[in-house]
Chemist: 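Once you've had a glance at the structure underneath, I'll fire off some questions.
Side chains included, hydrogens not; waters and symmetry mates left out as well; all remaining heavy atoms used.
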Amino acid sequence: GGFDELLQMVLGRSRDDLRRPMAALQAAGVLLLRDGRMWLVPDALADVIAERACLDPMTGRPSGYADRLFGLELQGVGLPLRNLLVNIGKLDWRLSGGPGGPPTGLLDHIWHQVSDRLRRASHPAQRAALLQAIAEVAYYQPRRALLLARAVVEDVQAGVTDSDPAGVDLLAGELVKILRNAAYTYEEAPAACELLWTLAKIHRAGNHASSAPAKALREIAAYGPGKPVQYHQEILETALTWLDDPWGEADPSPFDVLDMFLSTEASETEYGEDQVTIRSFTVEPRVVRPLRNRVVDAAVATVRTGTAQQAVRALKTLESALYQPAGPADCIADIRRSWEADLLRVFQLLRGLAATPLDPLLCTEIRQIVRWHASREDSPVRDAARAVLAAVPDTLQVRLTRCLVEGSELPWACETTGPAGASPDGADIIGQTAHEFIRATPDAAAAATALRECTRAISSVHTGRQPAPGPFTDV
């Protein structure tokens with residue numbers, strides 16, 4: 001088949017000449033036919049053979065064999081570019097001792113040719129095919145792969161393929177694979193994340209948080225076995241700089257990535273031939289606390305100084321910082337107690353925010369964040385949550401915004417701040433606020449304008465809730 005023909009061309013031998021040694025290798029178990037493909041077993045033997053073929057034993061320099069194989073690929077003889085790049089790139093990586101080691105020169109000519117081919121490719125499909133061939137070798141050659149990926153990202157950013165949205169999606173999908181693999185290397189992870197973030201801002205298909213670049217960034221930031229805390233520190237420092245750039249409704253939020261550092265539990269997934277294995281594990285608070293605190297502090301600063309939309313998104317991050325490990329309380333009580341100090345710190349910061357002049361909508365969001373915790377059984381967390389509720393200003397504008405956002409059907413009873421645990425009825429609060437609003441704004445036209453401005457402000461930040469002004473217009 002194709003393998004026989006390729007082998008004849010590479011070795012310069014006829015099929016008859018190769019039949020006997022091939023049969024002997026298969027009989028010895030060195031060559032294995034599986035899934036219609038020929039495998040050399042074990043991998044270590046393949047590595048030794050490749051090294052002897054590609055390097056001159058006297059000088060240790062490239063023998064030219066790898067370049068000749070690439071020449072065959074250029075002739076279209078069926079030698080997959082992806083396989084060639086992976087095998088030569090992996091050999092160069094092994095001989096160099098890693099991405100930062102001394103180069104062997106094995107890949108120089110081939111990579112130059114691939115780069116030139118990528119630069120000259122005019123159609124997105126052609127470029128995507130080349131990027132697909134590069135994706136796997138990016139794990140072994142992250143620096144080279146990042147240079148190629150950066151050039152394509154810059155082209156996309158410059159609008160070179162704006163006239164072909166499908167082409168942009170195609171390129172983005174392949175770029176994400178390259179950058180994801182390059183990010184496995186500690187030294188190159190920040191640069192890979194920067195390019196993924198640029199791509200996330202360009203690739204605006206559907207929900208930002210669910211786009212392929214944003215998903216890859218969250219996977220990189222997520223805690224997992226074998227990931228040192230120093231690696232997460234590098235990613236965190238990179239992601240925090242994105243808060244300095246303007247971002248709004250049309251852009252992804254840096255907090256979509258930063259939220260991953262607030263996780264109290266995580267999981268890893270292994271894919272087998274006929275099964276998927278998911279392993280869950282809890283995160284050690286002592287180890288990740290410095291990372292969490294940096295994210296929490298950044299969120300608090302954004303609430304104070306950002307736009308209304310940015311502040312609401314930052315409050316969602318503070319809400320995520322209050323999540324505890326899931327599971328039966330009697331089984332993980334000790335684990336939850338180990339996170340208590342972190343939760344109390346967040347409540348203290350929220351109390352400080354509530355006590356400062358804030359947009360009424362932000363005050364309402366703060367109430368939404370803490371009110372479930374305020375209904376828990378007697379605990380320091382419950383007391384801290386109730387202290388936050390008590391710090392929220394009880395002004396007419398705050399109550400009006402709260403009524404418009406929450407509505408009478410929401411569970412007001414979770415705020416047990418009255419005597420003997422009694423809670424005011426939601427409908428009563430709305431009625432009282434409506435009458436107070438009308439007394440404060442007796443002119444009907446002025447009242448309608450005020451309601452309209454308030455509902456517009458609520459809708460503009462996309463809190464996920466539609467304002468309900470009905471009770472106020474009825475009054």
Chemist: Quick check on Gln348: does its CD atom have over 12 non-hydrogen neighbours (other residues, nucleotides or ligands) under 6.0 Å away?
Modeler: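 Result for CD/Gln348: open.
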
Chemist: With side-chain contact (heavy atoms from CB on, under 4.5 Å) as the criterion, how do Val137 and Lys90 come out once you've worked through the C-alpha distance, each side chain's angles and the decisive distance to 0.1 Å?
Modeler: CA-CA 7 Å; Val137 76; Lys90 182 179 179 181; over 6 Å; no

Chemist: Looking at Asp342 and Arg345, is any side-chain nitrogen of the basic one under 4.0 Å from a carboxylate oxygen of the acidic one?
Modeler: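 Here Arg345 does not pair with Asp342 in a salt bridge, since their nearest N and O are not under 4.0 Å apart.
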
Chemist: Kindly determine whether Val303 and Ile366 satisfy side-chain contact (heavy atoms from CB on, under 4.5 Å), including the steps that lead there.
Modeler: CA-CA 11 Å; Val303 174; Ile366 291 175; 5.8 Å; no

Chemist: Do Arg61 side-chain atoms and Asp56 backbone N/O form a donor-acceptor pair below 3.5 Å?
Modeler: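 Side chain of Arg61 to backbone of Asp56: no pair is present.
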
Chemist: Look only at the side chain of Asp92 and the backbone of Ile88, and say whether a donor-acceptor pair between them is shorter than 3.5 Å.
Modeler: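 Judged by distance alone, no pair lies under 3.5 Å.
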
Chemist: Looking at Tyr231 and Ala189, what are the two nearest heavy atoms and their distance?
Modeler: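 The answer is CE1-CB, 3.7 Å.
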
Chemist: Could you measure the distance from the OG atom of Ser320 to the CG atom of Leu315? Nearest 0.5 Å is fine.
Modeler: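 Reported to 0.5 Å precision, the distance equals 11.0 Å.
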
Chemist: Is there a side-chain contact between Leu106 and Leu95 in this structure, where contact means two heavy atoms from C-beta onward sitting under 4.5 Å apart?
Modeler: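 Side chain of Leu106 against side chain of Leu95, heavy atoms only: contact under 4.5 Å found.
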
Chemist: Applying side chain to side chain contact (heavy atoms under 4.5 Å, CB included) between Leu258 and each of Ile235, Leu291, Val296, Leu236, report the one that passes.
Modeler: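 Per the side chain to side chain contact (heavy atoms under 4.5 Å, CB included) rule, the option paired with Leu258 is Leu236, out of Ile235, Leu291, Val296, Leu236.
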
Chemist: Any salt bridge linking Arg218 with Asp256? Criterion: basic side-chain nitrogen under 4.0 Å from a carboxylate oxygen.
Modeler: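 Salt bridge: no.
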
Chemist: Once ring-ring contact (aromatic ring centres under 6.0 Å, His included) is applied, what residue pairs with a partner in residues 334-358 remain, sequence neighbours excluded?
Modeler: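 Passing the test, one end in residues 334-358: Phe347-His373.
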
Chemist: Using the side chain to side chain contact (heavy atoms under 4.5 Å, CB included) rule, pick out the option among Val300, Val392, Leu322 that qualifies with Leu350.
Modeler: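 Checked Val300, Val392, Leu322 against Leu350; only one passes side chain to side chain contact (heavy atoms under 4.5 Å, CB included): Leu322.
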
Chemist: For the backbone of Arg382 and the side chain of Ser379, can you confirm whether one donor and one acceptor N or O come within less than 3.5 Å of each other?
Modeler: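 Yes: the side chain of Ser379 pairs with the backbone of Arg382.
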
Chemist: Could you check whether any side-chain heavy atom of Leu131 comes within less than 4.5 Å of a side-chain heavy atom of Ile178, counting everything from C-beta outward?
Modeler: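 Yes, close enough: below the 4.5 Å cut-off.
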
Chemist: Inspect the contact between Glu174 and Arg127 and indicate whether a charged nitrogen and a carboxylate oxygen are less than 4.0 angstrom apart.
Modeler: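 Salt bridge flag = no for Glu174 with Arg127.
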
Chemist: Of the non-hydrogen atoms in Val346 and Ala321, which two are nearest, and what is the gap between them?
Modeler: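 Between these two residues, the closest heavy atoms are CG2-CB, 3.9 Å.
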
Chemist: Any donor-acceptor pair under 3.5 Å linking the side chain of Thr307 with the backbone of Gln310?
Modeler: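 Flag set: sc Thr307 to bb Gln310 pair under 3.5 Å.
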
Chemist: Which word best sums up how the rings of Trp197 and Trp242 line up, parallel for under 30°, tilted for 30 to 60°, or perpendicular for over 60°?
Modeler: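 Correct class here is parallel.
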
Chemist: Any non-hydrogen side-chain atom of Ile134 less than 4.5 Å from a side-chain atom of Leu81?
Modeler: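 A side-chain contact under 4.5 Å is absent here.
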
Chemist: Say you draw a straight line from CD of Gln132 to CG of Leu175; how long is it, rounded to the nearest 0.5 Å?
Modeler: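 CG of Leu175 is found 12.0 Å from CD of Gln132.
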
Chemist: Grab the two heavy atoms, one from Gln141 and one from Gly89, that are nearest each other, plus how far apart they are.
Modeler: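 It is NE2-O, 2.9 Å.
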
Chemist: With a 4.5 Å cut-off on side-chain heavy atoms, are Leu84 and Phe70 touching?
Modeler: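 Yes, close enough: below the 4.5 Å cut-off.
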
Chemist: Decide yes or no for Ser280 and Glu265: does some side-chain heavy atom of the first lie under 4.5 Å from some side-chain heavy atom of the second?
Modeler: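 Not in contact.
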
Chemist: Quick one: closest heavy-atom pair of Ile220 and Ala183, and the distance?
Modeler: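 Shortest heavy-atom contact: CD1-CB, 3.6 Å.
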
Chemist: With rounding to the nearest 0.5 Å, note down the distance linking SG in Cys193 to CG in Leu217.
Modeler: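 So the SG of Cys193 and the CG of Leu217 are separated by 5.5 Å.
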
Chemist: Between Lys177 and Glu136, does any NZ, NE, NH1 or NH2 come within less than 4.0 Å of an OD or OE carboxylate oxygen?
Modeler: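 Looking at Glu136 and Lys177, the cut-off is not met.
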
Chemist: Quick one: do Thr264 and Thr282 satisfy side-chain contact (heavy atoms from CB on, under 4.5 Å)? Show the steps, please.
Modeler: CA-CA 6 Å; Thr264 57; Thr282 56; over 6 Å; no

Chemist: Rounded to the nearest 0.5 Å, what's the gap from CH2 on Trp111 to CG on Leu118? Could you check?
Modeler: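 Those atoms lie 10.0 Å apart.
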
Chemist: Could you walk me through whether Val86 and Tyr139 pass side-chain contact (heavy atoms from CB on, under 4.5 Å), step by step?
Modeler: CA-CA 9 Å; Val86 169; Tyr139 179 83; over 6 Å; no

Chemist: Looking at every heavy atom in both Pro190 and Glu234, which two are closest together, and how far apart are they?
Modeler: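 So the minimum-distance heavy-atom pair works out to CG-OE1, 3.7 Å.
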
Chemist: Ignoring hydrogens and geometry, is there a side-chain-to-backbone donor-acceptor pair from Glu188 to Thr185 under 3.5 Å?
Modeler: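 Absent.
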
Chemist: To the nearest 0.5 Å, tell me how far Arg117 CZ sits from Leu130 CG.
Modeler: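 Rounded to the nearest 0.5 Å, the CZ-CG separation comes to 5.5 Å.
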
Chemist: Go through the steps to decide whether Glu187 and Arg143 satisfy the test salt bridge (charged side-chain N to carboxylate O under 4.0 Å, His left out), and finish with yes or no.
Modeler: CA-CA 9 Å; Glu187 294 82 3; Arg143 198 163 297 168; over 6 Å; no

Chemist: I'd like to know if the side chain of Ser63 reaches the main chain of Cys54, judged simply by a donor and an acceptor atom lying under 3.5 Å from each other, with no hydrogens or angles considered.
Modeler: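 Checked: pair present.
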
Chemist: Starting at OG of Ser338, measure out to CG of Asp334 and round the result to the nearest 0.5 Å.
Modeler: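 Result: 8.0 Å between the selected atoms.
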
Chemist: Check whether Thr356 reaches the backbone of Leu353 with its side chain - one donor and one acceptor, N or O, closer than 3.5 Å.
Modeler: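 Side chain of Thr356 to backbone of Leu353: a pair is present.
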
Chemist: Whether Arg144 engages the ring of Tyr140 as a cation-pi pair (distance to the six-membered ring centre under 6.0 angstrom, angle to the ring normal within 45°) should be assessed.
Modeler: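 That pair does not qualify as a cation-pi contact.
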
Chemist: Please check if the number of heavy atoms outside Arg52 that lie under 6.0 Å from its CZ is greater than 12.
Modeler: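 For Arg52, atom CZ is not crowded (no more than 12 foreign heavy atoms under 6.0 Å).
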
Chemist: Work out which heavy atom in Phe261 is nearest to a heavy atom in Arg292; give both atom names and the distance.
Modeler: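 Smallest interatomic distance, heavy atoms only, reads O-CG, 3.2 Å.
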
Chemist: Hey, are Glu365 and Lys316 close enough for a salt bridge, meaning a charged N less than 4.0 Å from a carboxylate O?
Modeler: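 The answer is yes: the pair qualifies as a salt bridge.
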
Chemist: Closer than 4.0 angstrom, basic N to acidic O: yes or no for Asp259 and Arg313?
Modeler: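 Yes.
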
